[in-house]
A.B. asks: 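Sharing a structure here in structure tokens format.
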Amino acid sequence: MKHNHSFYIDGQWVAPCVSETLEVVDPSTGQPMGTIALGSAADAEKAVAAAWQAFASFSQTSKEERVELLRRIVTILKRRNDELGDIISREMGAPLAMARAEQAGIGAVHFEQAIKAMETFAFDYMQGTTRILHEPVGVVAMITPWNWPINQIACKVAPALATGCTMVLKPSEIAPFNAVIFAEIMDEAGVPKGVFNLVQGDGPTVGAVLARHPDVDMVSFTGSTRAGIAVAQAAAPTVKRVHQELGGKSPNIVLRSADFSAAVAAGVRRCFGNSGQTCTSPTRMLVPAERMDEAGSIAAREAAALVVGPPSDSRTDLGPVASAAQFDKIQALIERGIAEGAELVAGGPGRPSHLNAGYYVRPTVFARVTNQMTIAREEIFGPVLSIIGYDNEEEAVAIANDTPYGLAAYIQGDPKEARSLAGRLRAGSVRLNSSAWDSAAPFGGYKQSGNGREYGKFGLHEFTEIKGIAGFLNE
């Protein structure tokens, strides 16, 4: 990596203020794959100062200028797509084909959606004699995770640039190299100096400085609920906007009207995608109680068919989880599920028998789970599914909503029946009958899954302040 020991600040690659590095581990082997420079408080200060200085001019650019900038970024993202996918696969473990097509490919999608949203987004309009303005919120600190790294970078940077904001990005130190390539793309696209800045580092050092900095107007954070609380607390004294996309424990209600075998099988695959490291994964499958044995059998069969192996192997369905800490957490929760009396029907503790190194987890299914068990309450963030029985739809809805989270929910069954239940689920998004992902739909959560919305026009709104100029047409 050409720039892994430097930061992108004020339009150039610069040496860190303090000479400290961190090993980045390849999760497929558990061995180091490279190092990055770790940022200090001084590096974060420099980046914020650059963004603050650049805001005065960039906030006054025209809508047309910013759209053209977004178009240039899309072109370069597509050209470097496979390079991004390859490094994401190595640093966080996604199967190579999936890393190229989805993990990396999603970046250009978010920029294209921002361009499309800009076509109809009204930055100023009249309401009676008052002029309403949507103005850029200011300097934005962006703190992003390792599980879908380019997705979360792009869905923040695209609307920020579109609305005229400047920014400092702190990506996850677990999967940092993709952000280096992304910064190179910003530079090649001609993003004005100081508008986009990259500082690597950890949350307690760089992240905390960004969250509490008085010259940062907004923090856009994606990560765990625990870390999100820490960010909000650090930001509170400066009363800045804090936009959070946090954890999830999404229910998947399989109705009696569903094609049961197909619905259960699809639910397993969606739960285990990305090795279960997706905040919207449907990790709680709710099935009619009388069909619990059948659901367990179908889920076990589907789990057994998944190939766990090296990300570079074209046959691999599930790669490793991203880190030793994540592996250990998942193993402890699987053991907890067994101890609390859930019925283990597939997988279990330890690595798959054919793998003796790396952070590989056996695709695990528990049946006869109650919603009060730890595995039904805590976000596991691994390939672990809990199947819970219900007696009627009222109970299914109650179980689905009985969680501190509210990021996503799923319903499988008769479309009319599914639509009638969707509005009763306390979640930011609901998918009916394995519907496809919609990159223009609002994305964000209720309750402890966060606040604010990302994607498309909803992302544009989040990065603006609203001003009313009363009497604008008065003489």
Side-chain angles (χ1 to χ4, degrees), residues 88 91-92 94 102-104 106-107 109-111 113-114 137 140-161 165 167-176 178-179 182 196 198-204 206-208 210-211 216 218-235 240-250 273-274 276-281 321-323 326 379 381 404-408 427-429 437 439 441-456 458-463:
I88 291 171
E91 62 189 345
M92 61 75 60
E102 299 176 44
Q103 287 275 7
I106 207 169
V109 171
H110 282 302
F111 276 87
Q113 280 293 354
V137 72
V140 183
M142 301 174 176
I143 303 173
T144 57
W146 47 260
N147 62 318
W148 285 89
I150 285 296
N151 176 69
Q152 290 307 132
I153 291 172
C155 77
K156 299 179 191 304
V157 172
L161 289 174
C165 297
M167 65 216 72
V168 179
L169 169 66
K170 190 211 84 66
S172 168
E173 66 273 27
I174 292 174
N178 65 87
F182 186 87
F196 171 87
L198 166 71
V199 178
Q200 305 277 12
D202 60 24
V206 175
L210 296 176
V216 169
M218 172 180 172
V219 179
S220 182
F221 173 84
T222 300
S224 70
T225 298
R226 174 193 55 77
I229 291 169
V231 166
Q233 289 173 333
K240 58 172 57 73
R241 183 180 301 181
V242 179
H243 174 155
Q244 300 173 313
E245 192 265 287
L246 307 175
K249 197 67 183 176
S250 302
N274 204 38
Q277 299 170 120
T278 301
C279 49
T280 57
S281 290
V321 295
S323 68
Q326 192 63 24
E379 185 179 37
F381 228 56
Y405 298 108
L407 189 58
S429 62
W437 175 68
S439 60
F443 181 69
Y446 288 19
K447 300 186 282 186
Q448 291 185 30
S449 287
N451 51 66
R453 293 295 181 269
E454 296 179 320
Y455 299 2
F458 305 96
L460 297 186
H461 280 286
E462 292 292 342
F463 287 90

A.B. asks: Quick one: does any side-chain atom of Thr278 pair with a main-chain N or O of Ser281 as donor and acceptor, under 3.5 Å?
C.D. replies: no
A.B. asks: Work out which heavy atom in Ile150 is nearest to a heavy atom in Gly107; give both atom names and the distance.
C.D. replies: CG2-CA, 3.7 Å
A.B. asks: If you round to the nearest 0.5 Å, how far is CZ of Phe463 from OG of Ser220?
C.D. replies: 4.5 Å
A.B. asks: If only atom types and distance count, is the side chain of Ser449 paired as donor or acceptor with the main-chain N or O of Gly247 below 3.5 Å?
C.D. replies: yes
A.B. asks: Flag the pair Glu454 and Lys156 as a salt bridge only when some basic side-chain nitrogen lies within less than 4.0 angstrom of an acidic carboxylate oxygen.
C.D. replies: yes
A.B. asks: Please state whether the rings of His110 and Trp437 are parallel, tilted or perpendicular, taking 30° and 60° as the class boundaries.
C.D. replies: perpendicular
A.B. asks: What distance do Gln448 atom CD and Gln244 atom CD have between them, rounded to the nearest 0.5 Å?
C.D. replies: 10.5 Å
A.B. asks: If we ignore hydrogens and angles and just use 3.5 Å, is the side chain of Asn274 paired with the main-chain N or O of Asn147 as donor and acceptor?
C.D. replies: yes
A.B. asks: Closest approach of Glu379 and Cys279, non-hydrogen atoms and distance?
C.D. replies: OE2-CA, 3.8 Å
A.B. asks: Do you know which two heavy atoms are closest between Pro171 and Val199, and how far apart they sit?
C.D. replies: CD-O, 3.8 Å
A.B. asks: Hey, what do you get for CH2 (Trp146) to CD (Glu173), rounding to the nearest 0.5 Å?
C.D. replies: 11.5 Å
A.B. asks: Determine the minimum heavy-atom distance between Ala179 and Leu169, stating which atoms define it.
C.D. replies: CB-CD2, 4.4 Å
A.B. asks: Whether the side chain of Gln326 engages the backbone of Phe381 through a donor-acceptor N/O pair (distance < 3.5 Å, no angle test) should be reported.
C.D. replies: yes
A.B. asks: Please check if the side chain of Thr144 supplies one atom and the backbone of Gln152 the other of a donor-acceptor pair under 3.5 Å.
C.D. replies: no
A.B. asks: Any side-chain to backbone donor/acceptor pair from Asn178 onto Ile88? Under 3.5 Å, distance only.
C.D. replies: no
A.B. asks: When you measure from the side chain of Arg453 to the backbone of His461, do you find a donor-acceptor pair of N or O atoms at a distance under 3.5 Å?
C.D. replies: no
A.B. asks: Distance-only, no hydrogens or angles: does the Lys240 side chain make a donor-acceptor pair with backbone N or O of Val219 under 3.5 Å?
C.D. replies: no
